[in-house]
Amino acid sequence: MANMAQAVRMALHYAEEHLGVTDIFGEDVGAPLGGVFTVTQGLKTAWNSPLDERGIIGTAIGIAMAGGRPVAEIQFADYIYNTIDLLKIAGNTCWASHGDWNLPMVVKTPVGSGIRGSIYHSHSFDATATHIPGWKIVIPSNPLDAYGLMISACQELNPVMYLEPKALLRVKGEERIPGEPEDDRQLSKMIDAPLGDRSQWKAQWPQLEAYAVPIGKGKVVREGSQVTVVSYGRTLPLCKKAADELASQGVDAEVIDLRTLWPYDWELIKASIEKTGRVLYVNEDTEVTNFGEHLVRRTVEELFYKLLAPPRLLAGKFVPGIGLADTLEMASVPQQGDITAAIHALAGEQP
Amino acid sequence: MANMAQAVRMALHYAEEHLGVTDIFGEDVGAPLGGVFTVTQGLKTAWNSPLDERGIIGTAIGIAMAGGRPVAEIQFADYIYNTIDLLKIAGNTCWASHGDWNLPMVVKTPVGSGIRGSIYHSHSFDATATHIPGWKIVIPSNPLDAYGLMISACQELNPVMYLEPKALLRVKGEERIPGEPEDDRQLSKMIDAPLGDRSQWKAQWPQLEAYAVPIGKGKVVREGSQVTVVSYGRTLPLCKKAADELASQGVDAEVIDLRTLWPYDWELIKASIEKTGRVLYVNEDTEVTNFGEHLVRRTVEELFYKLLAPPRLLAGKFVPGIGLADTLEMASVPQQGDITAAIHALAGEQP
Amino acid sequence: MHDLMVKARVLEERLIQMYKQGHGYFWIGGPGEEAFNVPLGLLMKKGQGPAHDYLHAHYRQSATVLALGEEPIGALRQMKNTATDPYSGGRNFAGHFSRREWNIAPVSSPIEVQYAMAPGTALVQKRHGGDGISIVTGGDAGTAEGDFASCLVWSSRPGNELPLLIIVTNNKWGISTPAETQHGETRVSDRGKAFNIRSKTIDGNDPITAYQELKEAMEYVRKERKPFLMEAMVSRLYGHSSASGANFVGNEVDCLAQFEARLEKHGLLTRQEMDDLRNRYTEEMAAMARQVRDEPLPAPETIWNHIYAERK
Amino acid sequence: MHDLMVKARVLEERLIQMYKQGHGYFWIGGPGEEAFNVPLGLLMKKGQGPAHDYLHAHYRQSATVLALGEEPIGALRQMKNTATDPYSGGRNFAGHFSRREWNIAPVSSPIEVQYAMAPGTALVQKRHGGDGISIVTGGDAGTAEGDFASCLVWSSRPGNELPLLIIVTNNKWGISTPAETQHGETRVSDRGKAFNIRSKTIDGNDPITAYQELKEAMEYVRKERKPFLMEAMVSRLYGHSSASGANFVGNEVDCLAQFEARLEKHGLLTRQEMDDLRNRYTEEMAAMARQVRDEPLPAPETIWNHIYAERK
Ligand SMILES: Cc1ncc(C[n+]2csc(CCOP(=O)(O)OP(=O)(O)O)c2C)c(N)n1
Ligand SMILES: Cc1ncc(C[n+]2csc(CCOP(=O)(O)OP(=O)(O)O)c2C)c(N)n1
Ligand SMILES: [Mg+2]
Ligand SMILES: [Mg+2]
């Protein structure tokens, strides 16, 4: 199966061919590198921009204004923080102009920990992004969703923030992308740029098919009755694994992959909590003024009297960065053991 | 009594004279204007910077590195969003250098609605600021606190974000600042720059006294037994007023002025909630991934089983801006009536 | 040209009046820039889409918008933040135009961000072919923001030069801060030269000069598909905005008065004719202001409209 | 000078080796910039506080730091992210030096932000008097960020010119992106001229030229208390970083090889002497690497340390 980097690449190819995407650009996005995570290799509209994140976001806005369909990349979410004003503008342009202008643009950026990225290649962006009105925000946790969400993003009339959990980019999927060849090695030969000289190389794209994961729809990845676990991105597979393991200990957890952070699938979450009475939100952004806290607030606002235990949040520690040393990274953001323990504790919690 | 603009100005004068403040700077901060809200008139170290927020924050960091003590102003918080990366760096420099460097610097900026500022002179900054580790964040709701908090800010070894609720800048205090003359007109004559030509004008500073409001300490501004209301900035006086009015209707609300958003006075909040069992958090930032949601989360995390009703949040609507028209501003951020209604409803809420 | 300059001046004076009478919370605008802004509007290729010109405007651009043919009542409606405000539905400050039909990008309050966006429309135009160009304008103080530099960098990439007319209207002030205390450059336009961008500083107070210089620059950009940086020296006749009082400033060149003196001297128009014209506009706009005064504000629940565009 | 160049090269090669052997997650550094970075360190006025020079460094500055007298083992410790790492306690990537005692500001990963900060230290130094200056360095691609422009703006304000040596080390690459595709400027240093900043592009591969040019520029900045923009052409001998493989690149000028050929030719050092020197350093650093290998990682709970400075 394709890994997430290949899945996004194929979606972008599909979007160039069928959805009118005109510009896939950012630092080192074009040939020869095709992105620091190989996500944009071989794409015909990919090009290298100056090293200037403000210019990247500004230019994406301009391209969208003039009828283009840009997919702009910020090389790491860690370097997006000098553009928050521009992201806010992209998000308020339709509203501020009373519907006169809309901006069909996608900003994609790798997020999160998991590659020993130290202070500046480990940032999450979900808390900051969800505080900016006017955007739709998605984050896949597997290659098929990554493919389907990118296709939806490229069909949107509004700005879409596409967050790529960098720890998952090289993880292969369990489901095949429609049109993907059977053999992984064949896929790699077709669409992965070769090592060495690439000047003559061209991707051989498989016959890809339309497959859209609708924006705003979460997914129950494991059904359960005792506790609801809501997560996304890097921590989602860890939650799934924890739930699977805990089943043998008599804990039956339902796991929801949110997939879209805004507008999010509250109905799905709500129905699950109404069933279980317990909910754990898991993400890896720092835990103060965290998007999971919004979900906790919504939970107590609407479901307080149905809860059997307090809604819980497991998130990144509120420290200024994720340290390089293994010990530091492990201690800073939720790991498998933390998640398992948190689900276990919540399932058994009694007043 | 002095208004808040005068109070901050006096604190800055005190800080120039006694606390080693070396540079008070930003756009239009120096003579002749002395700040768009008159806050920096007549100060001897005030100077006008280029129109460049990134340069302002960067230069403040540099000044602090070289042993200066800067107070940098961003003219409106609405224009701080292109500097978030620099604010993050200021907040992580001590940590990233393992304690080698610290940055004693203050960034002050007017926040919030209340002056019909339209989309770009109405922003709150509390949600974004509290998500940035390594800063201390304060926000006064009256002139005396404004004075005392600025003095504390200028004594800090770490970056301090000083948020000025712009709706309150011209509101006079109820308590006298130590050293402030009895007569308001006399104060104005001494320290407010005259209209017209100011080239010869110099402020006549009163004999000010040290008065520090410690960072991290909130304040109970009204004691009550039935419901806890936690707020800060523009909405604080509205909460106080609501509580006073509701007393006649048999609702006895305790009102806490948080004053410091980070590190905040959890002990004070907790003790109050343990007494009342009900809590309403009020602020005017947009309500998704809002600092009040952090407080809600902390509340359910630690006090869930002691609550008589769900903790509530009253905050700004999640819309892309505050519209200019009166009708729009009123509908976007909490007003007196909304607050009164919310306290009333919470006090009477039954499962 | 003179007609439009008068019209624009009278419009701004009406807006100031409205502010002073309490029919609006805030005024900012372009009195003193008419001699430059009118020719700019006249020379633009008006229409929608990349075949036409895009305008990424500063908040002092009313004269350009009028020269494009816009009705002045829209500006009054925005001043009074009525529901009928065609640019923002009562949401934004005066002078914050937006008209997609004519490629007028929404004016945004944050200074200089338009310089980061303009390369985007120009890029689409370069690829589109034809002679449509992008135009971006802003003030002198704002050039200290990094976005001005970004604009120079992005528009001059070798082999990817963009058809972008980069304009700086230099009124020598940023609110209360005099330009000469903040600019190490001899001329702002010198900054273009480092990027091998054709650059020029012109007298923006003379409409004839402005017209000719703009025409030449635009022809270059249209044909060569390369950027041009133009700095226009202009005046700020009513101070920065209502925040600084919005009173007439005596010591700046008044481009309109200067032009009228010239027209009179050359016998092209008499004082009487010019007074009549001004009076006619003044009356027209006073009437519009009365009309606008009674128009309703947007309803509270409209805050939820247009957060997202929807497929129709 | 030659000794330090060798030392710095060997240090970087050792760091790369550590990465390749799995004793570190990421390498980035300065092999190929020794001819420029060594003289820079030698010419700095070392010490703490505004009377001495501040360095706001790029992540390729190991040779400068060694020239200042730093022990190489610190860099190895940072590579191995041990608790003993003197620059970040195992928190930050290789090449991210920090030493307050010597006015070395912490290297930060975000490109170009140091250019926004450097005017701050220079401003304090201008006011302080004496001849202490600030020095800021960074790459060519990074000059596209607005912060580079901010640095030019803030350091050249009339009457407030700052004693700031603004350096760009131009290796003609930003990761995989060739400079000639992104720069409309003939030379990056041309950008200083617009601000009336004295500016120059020099050959950074020749240590003698670099020393002389730096000396002259620094004397100007120290005495005149005004900025100077220097662009130094340098090489990137092991590619961008470990992310691009960290293998030796054949087609760039190797300043060390070139310098050694010259030394040999002029009979100043023999090949043997130079080989011996290199071998000695190689052994020394290999021993250090072995030592560092056994040093403990920081304890998990140390993530909570140093979030805030506390009064002692
Ligand atoms: C990013 C940003 N910072 C600050 C402000 C506040 N502000 C509004 S206008 C202005 C001065 C602008 O001066 P200039 O660029 O010369 O334009 P002018 O008003 O003179 O035409 C300032 C500082 C703003 N609107 N945006
Ligand atoms: C703000 C920011 N954007 C992107 C990156 C990722 N990045 C690291 S190095 C680099 C290229 C830098 O090129 P240049 O400035 O020429 O310096 P060099 O590495 O060539 O010395 C990029 C894009 C970053 N570190 N910071
Ligand atoms: Mg100006
Ligand atoms: Mg480079």
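Labels below follow one simple rule: chain letters A, B, ... track the order of the sequence lines, proteins then strands, and each chain is numbered from 1.
For the pair A:Y79 and A:Y120, the minimum side-chain heavy-atom distance is below 4.5 Å. Counting heavy atoms from C-beta outward, B:L280 and B:T228 have side chains that stay 4.5 Å or more apart. Residues A:L346 and A:V229 have side chains not in contact (no heavy-atom distance under 4.5 Å, counting atoms from C-beta outward).
If you measure heavy-atom distances from A:F291 to chain B, the contacts under 4.5 Å come from both the backbone and the side chain. Proximity to chain A (any heavy atom under 4.5 Å) is shown, for B:L324, by neither the backbone nor the side chain. For chain B, no part of A:H98 is nearby; none of its heavy atoms comes within less than 4.5 Å. Looking at A:L303, neither its backbone nor its side chain comes within 4.5 Å of chain B, counting heavy atoms on both sides. With a 4.5 angstrom heavy-atom cutoff, A:I132 touches chain B only via backbone atoms. Only the backbone of A:N290 comes within contact range of chain B, judged by heavy atoms closer than 4.5 Å.
A centroid separation of less than 6.0 Å is found between the aromatic rings of A:W262 and B:F318. Between A:F125 and A:F76, the distance from one ring center to the other does not fall under 6.0 angstrom.
Interface check for chain B: of the options A:G91, A:A309, A:G292, A:C94, the most heavy-atom pairs under 4.5 Å are formed by A:A309. By number of non-hydrogen pairs under 4.5 angstrom with chain B, the leading residue of A:V296, A:T130, A:L307, A:V300 is A:T130. Chosen from B:T93, B:T286, B:I80, B:D126, the residue pairing most often with chain A at heavy-atom distances under 4.5 Å is B:T286. Residue with the most contacts toward chain B among A:G134, A:S118, A:P311: A:P311 (heavy-atom pairs, distance under 4.5 Å). For chain A, the option among B:T83, B:D78, B:D285 with the highest count of heavy-atom pairs below 4.5 Å is B:D285. For the options A:E301, A:R298, A:R312, A:R297, heavy-atom pairs under 4.5 Å to chain B are most numerous at A:R297.
Ring planes of B:Y81 and B:H123: tilted class, angle from 30 to 60°.
With A:R54 contributing its side chain and A:N82 its backbone, the two residues share a donor-acceptor pair below 3.5 Å.
For the side chain to side chain contact (heavy atoms under 4.5 Å, CB included) test with A:K88, the passing option among A:D85, A:L86, A:I84 is A:I84; the others fail.
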